[in-house]
There are 2 protein chains.
Amino acid sequence: MPARLAQSAFTMFSRHGIANVSLDQVASHAGVTKGSVYWHFKSKDELIKAACVHYYRNTHRQMNAEIAPVRDPLKRLERALRRSVRICLLDEENRVFTMDIWSLSLRDPEVRRGWGQFYDSVREFYMGLVQAAALSGQMKIDDPERAVNLMLEAIEGIKLRAMFEPQICSPREESEIVKSLLEILGCGKPAARAA
Amino acid sequence: MPARLAQSAFTMFSRHGIANVSLDQVASHAGVTKGSVYWHFKSKDELIKAACVHYYRNTHRQMNAEIAPVRDPLKRLERALRRSVRICLLDEENRVFTMDIWSLSLRDPEVRRGWGQFYDSVREFYMGLVQAAALSGQMKIDDPERAVNLMLEAIEGIKLRAMFEPQICSPREESEIVKSLLEILGCGKPAARAA
DNA sequence: CGCGTACCATACCGGCCGGTATGGACAAGT
DNA sequence: ACTTGTCCATACCGGCCGGTATGGTACGCG
């Protein structure tokens, strides 16, 4: 039941924003009442943190599932990137949730720490993919850590740009962006660098 | 007085977050009371939008002042980048305000539109700098628009990374980041691209 | 069967804050 | 001097929501 409440909290938070969701609504969505919420969590903040953990786990699970069926290192990297970009471009609920968590992180050190660890794990995830691709000789990269950091920064920026320029949320743009990210990683530049 | 209220609103919002600041506090900071606020603005949302406009204007003013004393195109670009990066790394109040505005943008189309126009102007600003540098032959760039977009995305990402990894907020990292951004723009790669 | 315990529903409180209603100070116009 | 309009202070309302207090139900256990 705690997991179910965390799930409901995440869903409602993602849909309407954390500040606009009361504990009554979360409880109602989970089929219980506020009394039950306060039995399992001692405050709204605790519930928010539980929703974050739910989000972290889900993200990792889906990301691993995305690259699982592919063996080729470069294709795995590209698949992961494509999924990240697609979420940034299209998943509006993801935007709502992450934005609110970022705002919260500014004032709640615990939330900030949790999200920071999540980012670390994402970085490690991509570092693994990049190094695998580099080992297989499919790409060459001078400073992997720095390149991955720069790429991750760009991904977050894309999420923001998608908010204010919905017109970039097309499959064509998606491919373009993925290509740009691969270029940051030192890969690609297939024809543009011809001159 | 409306300008003064907008200024006070921006200051308070930046310090404590929009949701945590009541109109009484804003009025008190400006030396008046809520009655005056509701005389000049018909709601808190209006005041928030006024604070945004204040922020846009200030940013443009300071940015232009930053590059004004320099003539060399490439140095102007680098100076602008350095300032943008520094704000992302160090200006915590800027983070608070922008985060809250981003969250608001998700639900208020008017706020979103305003911020989108602001971003457009920033892009134009950097496009001008990049094209000037390109015309002077100091850098060569295939697709300026695309490169500038990618760079701006990375800048926003840096603001986020600085939240969760305060250790990157050093002058040394600042220079590194500026160098990375210049590389995105097609400039630099001083020795790394030797191979 | 009595009893404690885990889990959940109901009812209620109280503070905060956006918004309003009202009145007063002060200047300008006639 | 009287009105009118601007600008601001004071007082107050009312809803929302986090949090609590309490009661009820089912189950396990001796």
Side-chain angles (χ1 to χ4, degrees), chain A residues 1-54 96-97 99-101 103-112 114, chain B residues 1-54 96-97 99-101 103-112 114:
Chain A
M1 172 59 67
R4 187 171 167 184
L5 281 172
Q7 151 86 38
S8 290
F10 172 76
T11 302
M12 295 298 283
F13 290 162
S14 300
R15 276 215 258 272
H16 309 108
I18 294 180
N20 303 321
V21 171
S22 68
L23 293 185
D24 292 286
Q25 291 176 272
V26 173
S28 170
H29 184 270
V32 291
T33 63
K34 198 163 53 175
S36 176
V37 174
Y38 272 95
W39 174 258
H40 294 285
F41 303 93
K42 68 179 217 281
S43 71
K44 187 177 184 179
D45 285 323
E46 293 293 322
L47 185 60
I48 292 173
K49 282 159 193 159
C52 284
V53 173
H54 171 85
V96 174
F97 187 76
M99 292 277 170
D100 281 354
I101 294 300
S103 287
L104 261 185
S105 296
L106 290 166
R107 260 148 269 132
D108 189 323
E110 211 170 327
V111 174
R112 184 168 60 241
Chain B
M1 174 57 68
R4 186 171 167 184
L5 282 172
Q7 152 86 39
S8 290
F10 172 75
T11 303
M12 296 298 284
F13 291 163
S14 300
R15 277 214 258 271
H16 310 108
I18 295 180
N20 303 321
V21 172
S22 68
L23 292 185
D24 291 286
Q25 291 175 275
V26 173
S28 170
H29 183 270
V32 291
T33 63
K34 199 162 56 175
S36 177
V37 175
Y38 272 95
W39 174 257
H40 294 286
F41 303 93
K42 67 179 218 283
S43 70
K44 187 176 184 180
D45 285 324
E46 293 293 321
L47 185 60
I48 293 173
K49 283 158 193 158
C52 285
V53 172
H54 171 84
V96 174
F97 187 75
M99 292 279 170
D100 281 354
I101 294 300
S103 288
L104 261 185
S105 297
L106 290 166
R107 259 148 269 132
D108 189 322
E110 211 169 326
V111 174
R112 185 167 60 241

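Chain A is the first sequence line, chain B the second, and so forth, proteins listed ahead of strands; every chain is numbered from 1.
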TODO: Please test A/Asp108 against A/Lys49 for side chain to side chain contact (heavy atoms under 4.5 Å, CB included), starting from the C-alpha separation and ending with a verdict.
DONE: CA-CA 10 Å; A/Asp108 189 323; A/Lys49 282 159 193 159; 3.7 Å; yes
Task: Base of C/dG19 paired with side chain of B/Lys34 (donor-acceptor, under 3.5 Å) - done: yes
Open item on the list: Measuring from atom CD of B/Glu46 to atom OH of B/Tyr38, what distance do you get when rounded to the nearest 0.5 angstrom?
Closed with: 11.0 Å
For the pair made of [atom1] in [X] and [atom2] in [N], what is the distance, rounded to whole Å?
X       : N      : atom1 : atom2 : answer
A/Leu23 : C/dC13 : CG    : P     : 20 Å
A/Tyr38 : D/dT20 : OH    : P     : 7 Å
B/Lys44 : C/dC16 : NZ    : P     : 15 Å
B/Ile48 : C/dC17 : CD1   : P     : 14 Å
B/Leu47 : C/dC17 : CG    : C1'   : 14 Å
B/Met12 : C/dC17 : CE    : C1'   : 14 Å
A/Phe41 : D/dC17 : CZ    : P     : 20 Å
A/His16 : D/dC17 : NE2   : P     : 12 Å

Open item on the list: Can you see if the side chain of A/His40 gets near the phosphate of C/dC8 - specifically, an N or O under 4.0 Å from OP1 or OP2?
Closed with: yes
- [ ] Using only side-chain N and O atoms of B/Trp39, determine if any of them is under 4.0 Å from OP1 or OP2 of D/dC7.
- [x] yes
Task: A/Arg4 CZ: over 12 foreign heavy atoms closer than 6.0 Å - done: no
Open item on the list: Quick check on DNA chain D: between B/Ser36 and A/Gln25, whose nearest nucleotide comes earlier from the 5' end?
Closed with: B/Ser36
Open item on the list: Need to verify one output field. Residue with the more 5' nearest nucleotide on DNA chain D, A/Gly35 or A/Ala19?
Closed with: A/Ala19
Counting the atoms with a prime plus P, OP1 and OP2 as sugar-phosphate, which does [X] contact under 4.0 Å by heavy atoms, base, sugar-phosphate, or nothing?
X       : value
A/Val26 : nothing
A/Val37 : nothing
B/Thr33 : base

Open item on the list: Starting the side chain at C-beta, find the nucleotide from D/dC8, C/dA9, D/dC17 nearest to A/Ser22.
Closed with: D/dC17
- [ ] Carefully, step by step, assess B/Lys44 and B/Ile48 under the rule side chain to side chain contact (heavy atoms under 4.5 Å, CB included).
- [x] CA-CA 6 Å; B/Lys44 187 176 184 180; B/Ile48 293 173; 4.3 Å; yes
TODO: Please report the C-alpha distance between A/Asp100 and A/Phe13 in whole Å, then the side-chain angles of each, then the deciding distance to 0.1 Å, and finally whether the side chain to side chain contact (heavy atoms under 4.5 Å, CB included) criterion is met.
DONE: CA-CA 9 Å; A/Asp100 281 354; A/Phe13 290 162; over 6 Å; no
